[in-house]
Peer 1: 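Structure below; questions to follow.
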Amino acid sequence: MTTYDLHRHPLVMAGLERLQDEAFGHNGFAQTMDEVVEIVVSRPSSLYLRGHMVSGTTVLDRDRGARFTREALNGWLDECRLAAYVPGRGTWTTAEVHVFPNIPGRLDLYDEELLDRTPDGEWYPGAKPSGAATWAQQLLRFPRTVDNIPPWLWEVFRAEDLAPPIYNPEFKSVDWKNRRRPVTDRGTDFSIEPTVIDPSLEPGVFAKISKRLFGA
């Protein structure tokens, strides 16, 4: 599982300090706790969140009022996702945030969707793994080269017979459905109209995609 190390990034340190104040400050919702944990799975049009608090060795569910503000958590993680992106390599999908009362917090970032099931084996509401169409939108926003798409994700695309968006280092672009869009250090630039690709003029990349999808 690929991880992304932003622990020393000023954005991360400032965000964790703000969360610490919201949880354990004068009016904090977790003043008697030892730790607050948030797990956030980021998708193109939705977030899946779950979390808990820890007191000693006891893990506690939280009530509706024991929550970080949207700006402090969601808005901050959006910026962390942009900061972690490397063109062609991608960015994280799941953030695991640990906040403590008296020591610095921690942000762990992962490539995959870290989801969980109910005790009877069903997916929690909103926790069903994403399909190829959702992952395609993820890769269109934060594209990767063919070699940086992990094998398990190729399996998702293969199962639904869908070719993913691909980062093209030659043009610093994302290529998908015969369209090419420019890519910056913060992901795809959707403000510029895409150009049309003639696959017959660029057989190499498309042959590599076909080999990953169909083995030929």
Peer 1: Counting neighbours of CG on Asp116 that are heavy atoms of other residues, nucleotides or ligands and sit closer than 6.0 Å, is the number greater than 12?
Peer 2: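 More than 12 heavy atoms, drawn from other residues, nucleotides or ligands, come within 6.0 Å of this atom.
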Peer 1: Answer yes or no: is there an ion pair linking Arg50 with Glu96, defined by an N-O contact shorter than 4.0 Å?
Peer 2: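 No salt bridge links Arg50 with Glu96.
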Peer 1: Could you point out which residue of Asn168, Ile166, Val183 forms a side-chain contact (heavy atoms from CB on, under 4.5 Å) with Val174?
Peer 2: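 With Val174 as partner, Asn168, Ile166, Val183 yield a single side-chain contact (heavy atoms from CB on, under 4.5 Å), made by Val183.
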Peer 1: Donor-acceptor pair, Tyr85 side chain versus Pro143 backbone, under 3.5 Å?
Peer 2: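 Pair found, side chain donor or acceptor close to backbone of Pro143.
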Peer 1: Please evaluate residues Glu113 and Ser130 with respect to the criterion side chain to side chain donor-acceptor pair (under 3.5 Å), reporting the C-alpha separation (whole Å), side-chain torsions for both, the decisive distance (0.1 Å), and the verdict.
Peer 2: CA-CA 8 Å; Glu113 294 180 315; Ser130 296; 2.5 Å; yes
Peer 1: Hey, is the main chain of Tyr110 close enough, under 3.5 Å, to the side chain of Thr94 for a donor-acceptor pair?
Peer 2: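 Checked: no pair found.
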Peer 1: Any donor-acceptor pair under 3.5 Å linking the side chain of Trp76 with the backbone of Leu11?
Peer 2: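 Yes; at least one donor-acceptor contact below 3.5 Å.
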Peer 1: Between the main-chain N or O of Ala72 and the side-chain N or O of Thr69, is there a donor-acceptor pair closer than 3.5 Å?
Peer 2: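 Side chain of Thr69 to backbone of Ala72, a donor-acceptor pair under 3.5 Å: yes, one is there.
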Peer 1: Between Glu160 (side chain) and Ala132 (backbone), is there a donor-acceptor pair under 3.5 Å?
Peer 2: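 Yes, the answer is positive, given that a donor and an acceptor are paired below the 3.5 Å cut-off.
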Peer 1: Run the side-chain contact (heavy atoms from CB on, under 4.5 Å) test on Thr93 and Trp135 for me, step by step, so that the C-alpha distance in whole Å, both residues' side-chain angles and the decisive distance to 0.1 Å come before the verdict.
Peer 2: CA-CA 10 Å; Thr93 296; Trp135 280 112; 3.7 Å; yes
Peer 1: Go through the steps to decide whether Arg186 and Glu79 satisfy the test salt bridge (charged side-chain N to carboxylate O under 4.0 Å, His left out), and finish with yes or no.
Peer 2: CA-CA 10 Å; Arg186 291 173 67 86; Glu79 286 300 312; 3.6 Å; yes
Peer 1: Who passes salt bridge (charged side-chain N to carboxylate O under 4.0 Å, His left out) against Glu35, sequence neighbours left out?
Peer 2: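 Result, salt bridge (charged side-chain N to carboxylate O under 4.0 Å, His left out) vs Glu35: none returned.
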Peer 1: Determine whether the aromatic ring centres of residues Phe68 and Phe29 are separated by less than 6.0 angstrom.
Peer 2: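 When the ring centroids of Phe29 and Phe68 are compared, they turn out to be within the sub-6.0 Å range.
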Peer 1: Please check this pair: side chain of Arg81 against backbone of Trp92, looking for a donor-acceptor N/O pair closer than 3.5 Å.
Peer 2: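 Side chain of Arg81 to backbone of Trp92: a pair is present.
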